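Just so we're on the same page: letters track the sequence lines, and every chain starts at 1. Only this structure's heavy atoms are used, side chains among them; waters, hydrogens and symmetry mates stay out. Predicted model only: the values in this text are computed from it and were never measured.
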There are 2 protein chains.
Amino acid sequence: MIQDFWNEKALFVKDSEKISNILPGSALTRIMKDENTHYGVKEIARRANVSIATVDRVIHNRPGVSEKTKKKINDIIIELDYQPNVLASRLASRKIISLAVLIPRVSEETDFWEAPLRGVMRAESEIKKYGIQVLPFFFDLNDKHSFTEQAELILKKEVQGILLAPSFIEESRQLITACQKLKIPVVFIDSNVPEQDNLCYIGPHLFQSGYVGAKLLTYRLKENHKVLVVNISKEKDNYSYLQIEDGFRSYFKDHSQPCEIIRIDIKDTDKLSVTKDLTRVLFEHPDIEAIFVTNSRVFSVASFLENAGRKDISLIGYDFLKENIRFLKEGMIDFLICHKPEEQGFRGLMALYQTLVLGSPVEKVHFMPIDIITKENQAFYQN
Amino acid sequence: MIQDFWNEKALFVKDSEKISNILPGSALTRIMKDENTHYGVKEIARRANVSIATVDRVIHNRPGVSEKTKKKINDIIIELDYQPNVLASRLASRKIISLAVLIPRVSEETDFWEAPLRGVMRAESEIKKYGIQVLPFFFDLNDKHSFTEQAELILKKEVQGILLAPSFIEESRQLITACQKLKIPVVFIDSNVPEQDNLCYIGPHLFQSGYVGAKLLTYRLKENHKVLVVNISKEKDNYSYLQIEDGFRSYFKDHSQPCEIIRIDIKDTDKLSVTKDLTRVLFEHPDIEAIFVTNSRVFSVASFLENAGRKDISLIGYDFLKENIRFLKEGMIDFLICHKPEEQGFRGLMALYQTLVLGSPVEKVHFMPIDIITKENQAFYQN
DNA sequence: ATTGGTTTCGGGTACGTACCCGTAAATATA
DNA sequence: TATATTTACGGGTACGTACCCGAAACCAAT
């Protein structure tokens, strides 16, 4: 079963280009093709006996060119393998492209979304020289209404592309449907919306992430002991969570571990609720040996365990948050799993840039690595 | 002691920009400054009552401008926070910049250097539109002479920057000294040359990498058992190896583990030598419970263990090589540690680009993350 | 043949910077 | 004072593409 999984994944993992035939010998061995002979519109125009303007019309398929010359020019374009000069193109084009970013606001509860935002800003600073403008919009993770509100604002702004964290599935669906009508490409980050058409998804493979979590958890587990899965979230229908737990449980199935898995939902994210619920569970199951928290709120569990003096329990959770790192350094948290949130923001914007400016295709699904962070390697982690 | 280390490292780890004061409220909250008012040389010239050409001369500090006007123009440049338009700049400048890359050839023994080369090529395709040319040179890891040979070729080519894998310390020193005289910036990747001036170093923090290796190794270790450190290398004075082993041993010191550490140097990399030496060591120390291989040749140890039927021994090594991944999947290797070799190649070239084209400063040392790869997360690893 | 309309195309300028070339001004020399 | 030499600066063109504007060329109807 797991074997099938690897094969399936092979489709997603980027094929590393083959660099073979690097000949031995002391002489200089060139790999890259010399592309010194780079033709532009001028050469195309010359060969087709037309003006640059006509070539330009064909390239941007604007009207005003006869079918005959259009074909002739297109043939020459293909023959010369014409690659437009992005520099000159963006320099000459005076219109600016607007991209909207809709992600959760950085709240006091969690600073997780700082990282994707950093990635977005980094991407913006890289591509604003090409005349691209980024408009950030934020919604409240505890308020679905704020999401729809911001979504409407975006649609009014007439942007050319959207980077979206589809935290609320139904509300996201509405926005995406509207974008499809307007032919606006949408990129999802952090979580996916199943069976919804989009430009691409950039984020974790949640099932496998839970699988890795289980592996790490069992690594120092004694046999036949209990494991606790904790889900702290206000959201009811948490699709992401289900995938993670699915992967987590699959690991035990695949390795036929007879380990008992307790689970608990904590609906309120405040400290009191967490303390209350955990106290109860640990009282009912005193032999719990490890805890797996399915999201970034692992710090609240760590805080509880620290106060309760339960340093014997292994703890694994998600995300490179300041508070989590603190507990990781202290040894209260054993492992953090992380999916490169900053990279997600960065790549998300770049995917839109690639589509709208460069016109080159992007991969439909881009899974982030499942990074394992420990006390020892955290200082060098690149979020 | 280890505490000091963290504090020291804090200097290297990039400060994540503070994104605070993101106000609540449903209205659109902008973060980025609107930089619509972007002035160019024309505006500078207008304000200084000079021509564009004069401003240009000041910007590139070419001669032919009086001190007085030079100062006036520089003041205006600072006042307006002038940012040159890289697009226009590279478009107008017809000269191409050549960068040399000197790294080991991809050999049959190891395909490790495929990854940095991929990174280099990726960087090249991103910056060749700015008129930058990359000249790759390769040397043989078993032949110091080939290194000096290629180094001389590079110097003849009159390149403007060099990306270097300083595998041979003394030979690298010679090249670097020559480059200093010629004012050619040099970037090191993968390993550093101590006390040698360079533009920057991009690679692992080897000490800490060994430290992480020890942590992972002890994770499933029973108490009071023996650990074997294996160094497979033809090179005698292996500086990198010493740092890794130093970190590895430090972990045990810091955690006062009474674990006995055996070590062995295997000078010949062929299968027979490895088999012979390992057989002897395992015979002398039958209670060895875990093996730590200090470089990417862990696959040869895995192969030996597989044939010897010793699945009981934990095995940790380095690098995301095809053969290593195979043994990781099979379960013969427990963990691989990896330092993003592709990223190293990419960033190395981009550092040169940043210096030579953008003229912006680069960090002197850029440590790569210490990535932990397991059977479960390997499919999503980005080398 | 003339008019009006449409289709098809070319000239030319602009984007922001680099840099050649020529020249006025400043200074030195006779 | 006249001339040579240096210094300081401006005009103008080019990079490769986008796109406005206008003008042929063609067609159809009067």
Side-chain angles (χ1 to χ4, degrees), chain A residues 35-74 76-77 80-97 127-132 356-359, chain B residues 35-74 76-77 80-97 128-132 160 356-359:
Chain A
E35 287 283 341
N36 292 337
T37 50
H38 198 267
Y39 300 113
V41 280
K42 210 184 288 180
E43 176 65 15
I44 297 172
R46 200 187 58 78
R47 295 199 186 203
N49 282 321
V50 293
S51 76
I52 293 175
T54 302
V55 175
D56 189 69
R57 273 184 281 263
V58 172
I59 287 171
H60 297 89
N61 45 307
R62 266 172 297 190
V65 186
S66 70
E67 279 305 320
K68 210 178 67 183
T69 51
K70 186 184 279 186
K71 183 179 179 342
K72 183 161 63 174
I73 289 171
N74 272 324
I76 295 173
I77 285 176
L80 293 185
D81 185 31
Y82 166 70
Q83 302 286 98
N85 185 323
V86 194
L87 275 76
S89 170
R90 289 307 303 166
L91 184 63
S93 167
R94 262 141 301 180
K95 68 175 157 217
I96 57 167
I97 293 174
I127 59 180
K128 82 172 155 205
K129 51 173 168 275
Y130 296 100
I132 285 153
L356 293 167
V357 178
L358 305 182
Chain B
E35 287 283 344
N36 292 338
T37 50
H38 199 266
Y39 301 113
V41 280
K42 210 184 289 179
E43 176 66 14
I44 298 172
R46 200 186 59 76
R47 296 201 184 200
N49 281 321
V50 293
S51 76
I52 293 176
T54 302
V55 175
D56 189 68
R57 272 185 281 264
V58 172
I59 287 172
H60 298 88
N61 47 307
R62 265 171 299 188
V65 186
S66 70
E67 279 305 319
K68 209 179 66 182
T69 50
K70 186 185 282 187
K71 184 181 178 338
K72 183 161 64 172
I73 289 171
N74 272 324
I76 295 173
I77 285 176
L80 294 185
D81 185 29
Y82 167 71
Q83 302 285 99
N85 185 321
V86 193
L87 274 76
S89 170
R90 291 307 304 167
L91 185 63
S93 166
R94 263 142 302 183
K95 68 177 159 215
I96 57 167
I97 293 173
K128 81 171 155 206
K129 51 172 168 275
Y130 296 99
I132 285 154
Q160 278 94 318
L356 293 166
V357 178
L358 305 182

Check this one for me: any side-chain N or O of B:S66 less than 4.0 Å away from OP1 or OP2 of D:dC9?
yes
From CG of B:N49 over to P of D:dG10, roughly how many Å is that when rounded to an integer?
9 Å
Could you tell me how far apart B:L87 (CG) and D:dA18 (C1') are, to the nearest whole angstrom?
14 Å
So do the side chains of B:D56 and B:V41 get within less than 4.5 Å of each other, counting heavy atoms only?
no
Closest to the side chain of A:A92, out of D:dC19, D:dG10, C:dC15, is C:dC15
Taking only the side-chain nitrogens and oxygens of B:H60, find out if one of them lies under 4.0 Å from OP1 or OP2 of C:dC19.
no
Would you indicate what B:R57 reaches in the nucleic acid, counting non-hydrogen atoms under 4.0 angstrom: base, sugar-phosphate, or nothing?
base
Counting heavy atoms from C-beta on, name the nucleotide in D:dT17, D:dC20, C:dC15 closest to the side chain of A:Y82.
D:dT17
Indicate yes or no: at least one non-hydrogen side-chain atom of B:V65 is less than 4.5 angstrom from one of B:K72.
no
Taking CD1 from A:I59 and C1' from D:dT17, how many angstroms apart are they, rounded to a whole number?
9 Å
Working to the nearest 0.5 angstrom, can you tell me the gap between A:I132 CD1 and A:I127 CD1?
4.5 Å
When you compare the side chain of B:E43 with that of B:I76, does any pair of heavy atoms fall below 4.5 Å?
no
Can you check the B:I44 CD1 to D:dG10 P distance for me, whole Å?
14 Å
Position toward the 5' end of DNA chain C (nearest nucleotide), B:K42 or B:S89:
B:K42
Listed nucleotide nearest any side-chain atom of A:V65, set D:dT17, C:dC9, D:dC9
C:dC9
From CD1 of A:I52 across to C1' of C:dT13 the rounded distance in Å is 12 Å
Could you check how far CD1 of A:I77 sits from P of D:dT17, rounded to whole Å?
11 Å
Just how far is it from atom CG of B:N85 to atom CD of B:Q83, taken to the nearest 0.5 Å?
10.5 Å
Any B:T69 side-chain nitrogen or oxygen under 4.0 Å from OP1 or OP2 of D:dC9
yes
Any side-chain heavy atom of A:Y130 sitting closer than 4.5 Å to one from B:L87?
yes
Taking OH from A:Y130 and C1' from C:dC15, how many angstroms apart are they, rounded to a whole number?
15 Å
From CZ of A:R46 over to P of D:dG16, roughly how many Å is that when rounded to an integer?
15 Å
Kindly say if A:K95 contacts the phosphate of D:dC19, meaning a side-chain N or O under 4.0 Å from OP1 or OP2.
yes
Would you indicate what B:P84 reaches in the nucleic acid, counting non-hydrogen atoms under 4.0 angstrom: base, sugar-phosphate, or nothing?
sugar-phosphate
Describe the nucleic acid contact of A:G64 in one word from base, sugar-phosphate, nothing, applying a heavy-atom distance below 4.0 Å.
base
Which nucleotide wins on minimum distance to the side chain of A:D56, given the candidates D:dC19, C:dT8, C:dC20?
D:dC19
What's the closest nucleotide to the B:R62 side chain, out of C:dG16, C:dC19, C:dC20?
C:dC19
Compare side-chain N and O positions of B:S51 against OP1 and OP2 of D:dG11 and report whether any pair is under 4.0 Å apart.
no
So which nucleotide from C:dG10, C:dT17, D:dG16 ends up closest to the side chain of A:L91?
D:dG16
Could you check which of C:dC9, C:dC20, C:dT17 has an atom nearest any side-chain atom of B:A53?
C:dC20
